Structure formats: C-alpha cells, structure tokens
Amino acid sequence: MLRGNKKIRRIVFVMIGAFIVIGLDHRMRVVHYELTDHRIENPICIVLLTDLHSCSYGKSQETIVNAIEREKPDVVLLGGDIVDDKLPEEKAWELLSRLGEYCPTYYVTGNHEWWIEDTHRVIRQMEQYHITVLAGEKRELEFHGGRVDLFGVDDPEVGRERWQSQMEKLKKEINPEVFSIILSHRPERYSEYLDFSLSLSGHAHGGQWRIPYLLNGLLAPNQGFFPQYAGGLYEFEDHRLIVSRGLARESTRIPRFYNRPELVVIHLLPTEE
C-alpha cells in the first residue's frame, strides 16, 4: 500500500511539473484568422504585430522576420508598444529597420511609447525606416485590384481630448461601401470602434496567465481581473475585433503562463457566392 501511494505521488509530481513546464513555454506562435466580407474582392493577407516591448527574438529578430516572410503579407500593421520605455530599444529597431524595407508597414502608438521621455523621437525614427505612422489618419490601400481603408489612432496616453478628437474625425471618414480597419492599441475601448468593419488591438498581453479551456486571461491592463478582451476574435453584429496576445516576454514582471507570445495573421477573403 505504501509503495502504491509513493508511486501515485511521483506520478502526480511529474504531471504537475509537466503542466508547469509546458505552461511556461514562451516560444512565439503564429495565429491565423480568416474573415470573409462582400466588400473584399480578392484575398488580402495582413500581419498584426503588437506589444514587442523591445524584446529579443534571436539575432536581428530573425524569429519574427522569418515568420513574416513565410506568410508573404500584403501589409504589416504595428499595434503599439513596439518600443519599450524601460528595456533598451535596440531590439525594436533591429526589427523595424527590416520591416519598412520588406513590406508596406503602418504603426500606431501604444501607452509605453508615450511613457518614453521623447515620444516624437521614436515616431521620427519609425518614419526614417519607411514606416507610416497613423495618428488620427486614414489611408486608402489598394490590394490586388481591390481597396481597404485603414484608420489609425494614437494611444489614449496622447491625452483624452486629443484621442477623442482623432476618433471623431476618423468616424466621419468611413465609407460604408469599403471594408474599414481601425488600428488602435486598446481593446477595452471596443465600443468606440463599432462603426468600422474590423478593429485590431493588443495591450492586454493575453491576460498574462491562462488555463486552456477554462480561463482566457487572468489580468490585463485597464480591464483588471478576468478581462473580457484578452486575446482572440470577438464578433459583434456588424463588427469584428481581433486582439493580439502580443510578443512581450522578458519585459513582463510576471511570466506568461499557457499564453505564448503570438504573431497574428489575418486573411481577408471575398464572400463566396
């Protein structure tokens, strides 16, 4: 009986150890979403990258760069907190210096970029790397004979009145006949995005801790415990929200648990007739 109990305890300890080790896996994964809409004429591939926080993904950020090159995107969207206000910036610039040359790339600020002492220096350097910075602006993007309208808004750390002014301006520029995308760092403000076809965000870091099939996220900034929008695809009546779990790892105070860093790939497809 005692030997049997010891064997059971060993099995339990091994299972607990395996559960923890697997949960702490922080390798980047690539997550794909397919969305259909009658306003999309031909397939469009979008890569969404958020919350890098200047973290390292190999020499010259090759893990991220190679993953993006495999997807062959039409456009790369940077959803804020790419440059961290605490970690050295070099790893962020290693990636950004390559993206702008590889593919049309658009960026909006996150809260951490506004916490950097000189945010406008960061923005200028983005532009030097051929990355288009959107701060309450719209771009009409042509892909494969079709069009998508991209809107970008600063993080609310820019100031409440300025953020609201940007949002009000962009809403007036929506063309309901064209598929519209808004790139905005904060998912908890989703109610402001419902006039657009699709909103893309980050910021929540996947809720930091997850338990598969039981808990989608434990704690997220500006959402608190058990965040509603921690990561994934959320569908409303005429609007869809995709929240990236982001790429932060060594910048986080608490390690990610069953919450691997992710690169998001969105395939926009025509509605089948």
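Not measured: the values here are computed from a predicted model.
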Euclidean distance, E34 CD relative to L233 CG, rounded to 0.5 Å: 11.5 Å
- request: Answer with yes or no whether the side chains of E101 and H130 bring together a donor and an acceptor at under 3.5 Å.
  value: yes
query: Looking at OG1 of T36 and CG of L268, how far apart are the two atoms once the value is rounded to the nearest 0.5 Å?
result: 9.5 Å
message: Using a strict threshold of under 4.0 Å (side-chain N to carboxylate O), is an ion pair present between R186 and D155?
response: yes
field: Rounded distance [0.5 Å steps], CZ in R147 versus CD in E177
entry: 10.5 Å
query: Does the distance from a Lys or Arg side-chain N to an Asp or Glu carboxylate O, for E192 and K171, drop under 4.0 Å?
result: yes
- prompt: Do Q208 and N259 get their side chains close enough for a donor-acceptor pair, meaning under 3.5 Å?
  reply: no
- request: Working to the nearest 0.5 Å, report the span between NZ of K72 and CG of D74.
  value: 12.0 Å
- prompt: Would you find a donor on one side and an acceptor on the other, under 3.5 Å apart, between the side chain of S251 and the backbone of A248?
  reply: no
field: Side chains of L78 and V108 in contact at under 4.5 Å (non-hydrogen atoms)
entry: no
message: Is there a path of hydrophobic side-chain contacts, each under 4.5 Å between heavy atoms of I/L/V/M/F/W/Y residues, joining F151 to I131?
response: no
query: Hey, quick one: are L87 and V83 part of the same hydrophobic cluster, counting side-chain heavy atoms closer than 4.5 Å, chains of contacts allowed?
result: no
message: Is the distance between the ring centroids of Y234 and Y190 under 6.0 Å?
response: no
Nearest non-hydrogen partners of G207 and P227, listed with the distance: CA-CG, 4.2 Å
- prompt: With the 4.5 Å side-chain cut-off for hydrophobic clustering, are I242 and I44 part of the same group?
  reply: yes
- prompt: With the threshold set at 4.0 Å, does a side-chain nitrogen-carboxylate oxygen contact exist between R29 and E262?
  reply: yes
- request: Indicate yes or no: at least one non-hydrogen side-chain atom of V153 is less than 4.5 angstrom from one of L183.
  value: no
message: Please tell me whether L214 and I16 are part of a single hydrophobic cluster in this structure, the criterion being side-chain heavy atoms less than 4.5 Å apart.
response: yes
- prompt: Does some side-chain heavy atom of V47 sit less than 4.5 Å from a side-chain heavy atom of V75?
  reply: no
query: Does a side-chain heavy-atom distance below 4.5 Å link L77 with I266?
result: no
- prompt: Which atom pair, heavy atoms only, marks the closest approach of F257 to I20?
  reply: CE1-O, 3.9 Å
task: Go through the steps for V31 and R260 under the test side-chain contact (heavy atoms from CB on, under 4.5 Å), then give the verdict.
output: CA-CA 11 Å; V31 180; R260 286 172 60 182; over 6 Å; no
field: Under 3.5 Å donor-acceptor, T109 side chain and D154 backbone
entry: no
- request: Start with the C-alpha distance between L49 and I82, add both sets of side-chain angles, then the distance that settles side-chain contact (heavy atoms from CB on, under 4.5 Å), and finish with yes or no.
  value: CA-CA 8 Å; L49 189 158; I82 307 302; 3.7 Å; yes
task: Test salt bridge (charged side-chain N to carboxylate O under 4.0 Å, His left out) on E89 and R121 and set out the steps.
output: CA-CA 12 Å; E89 298 179 7; R121 171 189 57 80; 2.8 Å; yes
field: Electrostatic pair E94-K91, nearest N-O below 4.0 angstrom
entry: yes
- prompt: Distance-only, no hydrogens or angles: does the Q223 side chain make a donor-acceptor pair with backbone N or O of Q228 under 3.5 Å?
  reply: yes
- prompt: Which heavy-atom pair separates Y229 from A204 by the least distance, and what is that distance?
  reply: O-CB, 3.6 Å
message: Is it the case that atom CD in E142 sees more than 12 heavy atoms from other parts of the structure closer than 6.0 Å?
response: yes
- prompt: Hey, does L141 have a side-chain heavy atom less than 4.5 Å from the side chain of I181?
  reply: no
message: Check this for me, if you would: do K172 and E168 make a salt bridge, where the nitrogen-to-carboxylate-oxygen distance has to be below 4.0 angstrom?
response: no
message: Any non-hydrogen side-chain atom of M28 less than 4.5 Å from a side-chain atom of L263?
response: yes
message: Quick check: do L35 and L198 have side-chain heavy atoms less than 4.5 Å from each other?
response: yes
query: Would a distance-only check, ignoring hydrogens and angles, find a side-chain to backbone donor-acceptor pair under 3.5 Å from S244 to G202?
result: no
- prompt: Any donor and acceptor pair, going by atom type alone, linking the side chain of E71 with main-chain N or O of V264 inside 3.5 Å?
  reply: no
Check: S197 main-chain N/O paired with S180 side-chain donor or acceptor under 3.5 Å: yes
Ion pair K86/D84, N-O distance below 4.0 Å: no
query: Any side-chain heavy atom of H185 within less than 4.5 Å of one from D51?
result: yes
field: R39-T271 side chain donor-acceptor pair, cut-off 3.5 Å
entry: no
field: Residue pairs involving residues 43-81 (criterion ring-ring contact (aromatic ring centres under 6.0 Å, His included); sequence neighbours excluded)
entry: H53-H112, H53-H205
query: Is there a donor-acceptor pair under 3.5 Å between the side chain of E188 and the backbone N or O of N222?
result: no
task: Dump the intermediate steps for side-chain contact (heavy atoms from CB on, under 4.5 Å) on I182 and M167, then the final yes or no.
output: CA-CA 10 Å; I182 182 164; M167 287 299 305; 3.8 Å; yes
- request: Carefully, step by step, assess D149 and K138 under the rule salt bridge (charged side-chain N to carboxylate O under 4.0 Å, His left out).
  value: CA-CA 7 Å; D149 285 348; K138 170 186 174 181; 3.5 Å; yes
task: Spell out, as yes or no, whether a donor-acceptor pair under 3.5 Å connects the side chain of R249 to the backbone of H26.
output: yes
- request: If a pair satisfies ring-ring contact (aromatic ring centres under 6.0 Å, His included) and one of its residues is in residues 63-109, list it, with sequence neighbours excluded.
  value: W93-Y129
query: Can you name the closest pair of heavy atoms from G217 and A230 and give their distance?
result: CA-CB, 4.2 Å
- line: Here the pair of heavy atoms bringing P255 nearest to T252 is CA-OG1, 4.4 Å
- request: Would you check if the side chain of E157 reaches a backbone N or O of N111 as a donor-acceptor pair within less than 3.5 Å?
  value: no
- prompt: Between P43 and L269, which heavy-atom pair has the shortest distance, and what is it?
  reply: CB-CD2, 3.9 Å
- prompt: In terms of hydrophobic clustering (I, L, V, M, F, W, Y; side-chain heavy atoms under 4.5 Å; direct or indirect links), are F143 and Y33 co-clustered?
  reply: yes
task: Give a yes or no on whether the backbone of V243 and the side-chain of S201 come within a donor-acceptor separation of less than 3.5 Å.
output: no
